[in-house]
Structure formats: structure tokens, C-alpha cells
Amino acid sequence: MAVKIKLKRLGKIRSPHYRIVVADSRTRRDGRAIEEIGKYHPTYNPSVMEVDAERVAYWLGVGAQPTEPVLAILKKTGDWQKFKGEPAPAPLLQPSEKAARPSFEAISGEDEGKGEAITQKKKAEKKDEAPAESESTEA
């Protein structure tokens with residue numbers, strides 16, 4: 001029996017999350033699994049990859065073959081390099097906290113025209129006066 005380490009899809013239509021599972025290679029993607037050994041949430045920023053390194057080492061040791069997506073995850077976490085005896089990869093870079101955008105009041109400072117419109121209002125009064133003048137000239 002060939003055993004694979006693969007992803008089991010869970011979640012809604014546009015918000016997937018996966019479990020890393022050990023399953024028979026003949027089972028369907030979301031079918032019965034022998035054991036769950038990790039989680040993968042690709043929609044989070046940064047992506048969440050949790051892997052039980054001890055269980056991964058055991059299953060790789062007894063001959064389980066990872067699928068391509070799982071192999072990429074194992075390479076990022078360093079479990080694949082540990083299994084192969086290669087040097088560990090560089091640690092995953094966490095995105096730095098973005099500086100909070102300054103508020104509008106902080107940018108404007110002590111300007112006098114706070115809250116006033118800059119553009120001038122259209123002059124609709126002239127249009128009203130023009131027909132009135134033409135009526136008086138006709139009489």
C-alpha cells in the first residue's frame with residue numbers, strides 16, 4: 001500500500017484551509033486519512049504553516065511520499081532538509097508591522113480653513129434673472 005502525505009481541503013468556497021494528512025494514495029482528496037500531521041492556512045497574511053515535525057519524520061522514514069504542495073511546505077518549515085540531512089533553510093520572514101497612517105488632523109496641522117469647501121458655488125442666479133429681463137422687454 002502506497003502512503004502519501006497530502007493536503008485535505010476544508011473551508012468555504014473562497015476561504016480554503018487545509019490539513020496536512022497521511023493517507024492511502026488511492027483515497028480521494030478529502031477522503032479518509034490515516035493521521036493528521038499539520039495545518040496550512042494560505043489566505044492568512046502571512047500564511048500559517050503548522051507541522052508536527054516528529055510525525056513527519058516518522059512517516060517520511062517509513063516511506064510515505066509527499067505531494068508537490070506538501071513538499072513545498074515541508075521545505076519552508078525545514079522538515080524536508082532535516083530528513084535529507086541538508087542545512088536548514090533561512091527562517092521565514094515575517095512582514096514588519098506597517099506604520100499606522102497619520103490621521104487627517106495630524107497632517108493638516110493648524111490650518112485656518114478646516115472643514116470649509118475650497119471650490120466656489122455655481123452662480124445659478126444669473127440664469128433666473130435672464131428670462132425675467134426678456135419678458136419685461138417684450139411688453
Side-chain angles (χ1 to χ4, degrees):
M1 172 171 81
V3 178
K4 290 222 176 235
I5 302 174
K6 56 186 177 179
L7 294 176
K8 180 178 183 179
R9 189 182 194 280
L10 302 168
K12 296 179 183 176
I13 292 175
R14 287 181 180 77
S15 75
H17 56 276
Y18 300 90
R19 290 194 182 143
I20 302 170
V21 298
V22 177
D24 182 11
S25 62
R26 296 171 288 183
T27 60
R28 53 199 166 125
R29 178 188 68 176
D30 302 333
R32 187 174 64 174
I34 298 170
E35 183 180 359
E36 294 179 3
I37 57 174
K39 296 177 186 177
Y40 174 51
H41 298 277
T43 55
Y44 293 175
N45 189 13
S47 300
V48 175
M49 292 179 241
E50 297 175 8
V51 178
D52 186 359
E54 185 178 309
R55 297 307 296 165
V56 169
Y58 168 77
W59 283 107
L60 290 173
V62 296
Q65 297 296 314
T67 59
E68 288 182 23
V70 173
L71 183 61
I73 292 170
L74 294 178
K75 284 182 178 179
K76 287 192 179 202
T77 60
D79 293 319
W80 183 253
Q81 288 86 343
K82 187 186 293 183
F83 174 69
K84 289 292 187 180
E86 299 172 357
L92 296 175
L93 297 176
Q94 299 293 332
S96 60
E97 293 291 327
K98 292 184 179 179
R101 296 179 72 183
S103 64
F104 177 74
E105 290 80 22
I107 293 174
S108 64
E110 297 295 326
D111 293 341
E112 291 181 11
K114 280 189 178 178
E116 295 180 16
I118 297 172
T119 57
Q120 296 181 1
K121 295 180 181 177
K122 294 181 181 178
K123 297 181 180 179
E125 297 172 7
K126 288 186 177 180
K127 291 180 182 177
D128 295 335
E129 293 175 8
E133 292 175 9
S134 62
E135 290 177 10
S136 61
T137 56
E138 291 176 8

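Note that the coordinates shown come from a computational prediction; the quantities given were computed from them, not determined experimentally.
- V21 and V3 are assigned to two separate hydrophobic clusters, defined by single-linkage of ILVMFWY side chains at heavy-atom distances under 4.5 Å.
- Looking at D30, its side chain does come within 3.5 Å of a backbone N or O of R9 through a donor-acceptor pair.
- Smallest separation of non-hydrogen atoms from A2 and D24: O-OD1, 3.1 Å.
- Residues in residues 57-89 take part in these ring-ring contact (aromatic ring centres under 6.0 Å, His included) pairs, two or more places apart or across chains: W80-F83.
- Scanning for side-chain hydrogen bond (donor to acceptor under 3.5 Å, both in side chains) contacts around T27 gives K6, with sequence neighbours left out.
- For the pair L74 and I20, the minimum side-chain heavy-atom distance is 4.5 Å or more.
- Residue pairs satisfying the salt bridge (charged side-chain N to carboxylate O under 4.0 Å, His left out) criterion with at least one member in residues 40-51, sequence neighbours excluded, are absent.
- Nearest heavy-atom pair, S25 versus K4, reported as atom, atom and distance to 0.1 Å: CB-CG, 3.7 Å.
- In terms of the salt bridge (charged side-chain N to carboxylate O under 4.0 Å, His left out) criterion, residue partners of E35 (sequence neighbours excluded) are, by chain and number, R55.
- In terms of hydrophobic clustering, with Ile, Leu, Val, Met, Phe, Trp and Tyr side chains grouped at heavy-atom distances under 4.5 Å, L10 and Y40 are assigned to different clusters.
- Nearest heavy-atom pair across P42 and S47 is O-OG, 3.5 Å.
- Listed by chain and number, the hydrophobic cluster partners of V48 are Y44, where partners are ILVMFWY side chains within reach of under 4.5 Å, directly or through others.
- Within the structure, ring-ring contact (aromatic ring centres under 6.0 Å, His included) contacts touching residues 10-36 (residues at least two apart or in different chains) are H17-H41.
- Annotation: side chain of L7 is in contact with side chain of I73 (closest heavy-atom distance under 4.5 Å).
- The CG atom of L60 sits 11.5 Å away from the NZ atom of K82 when rounded to the nearest 0.5 Å.
- Note: T67 OG1 to Q65 CD = 10.5 Å, rounded to the nearest 0.5 Å.
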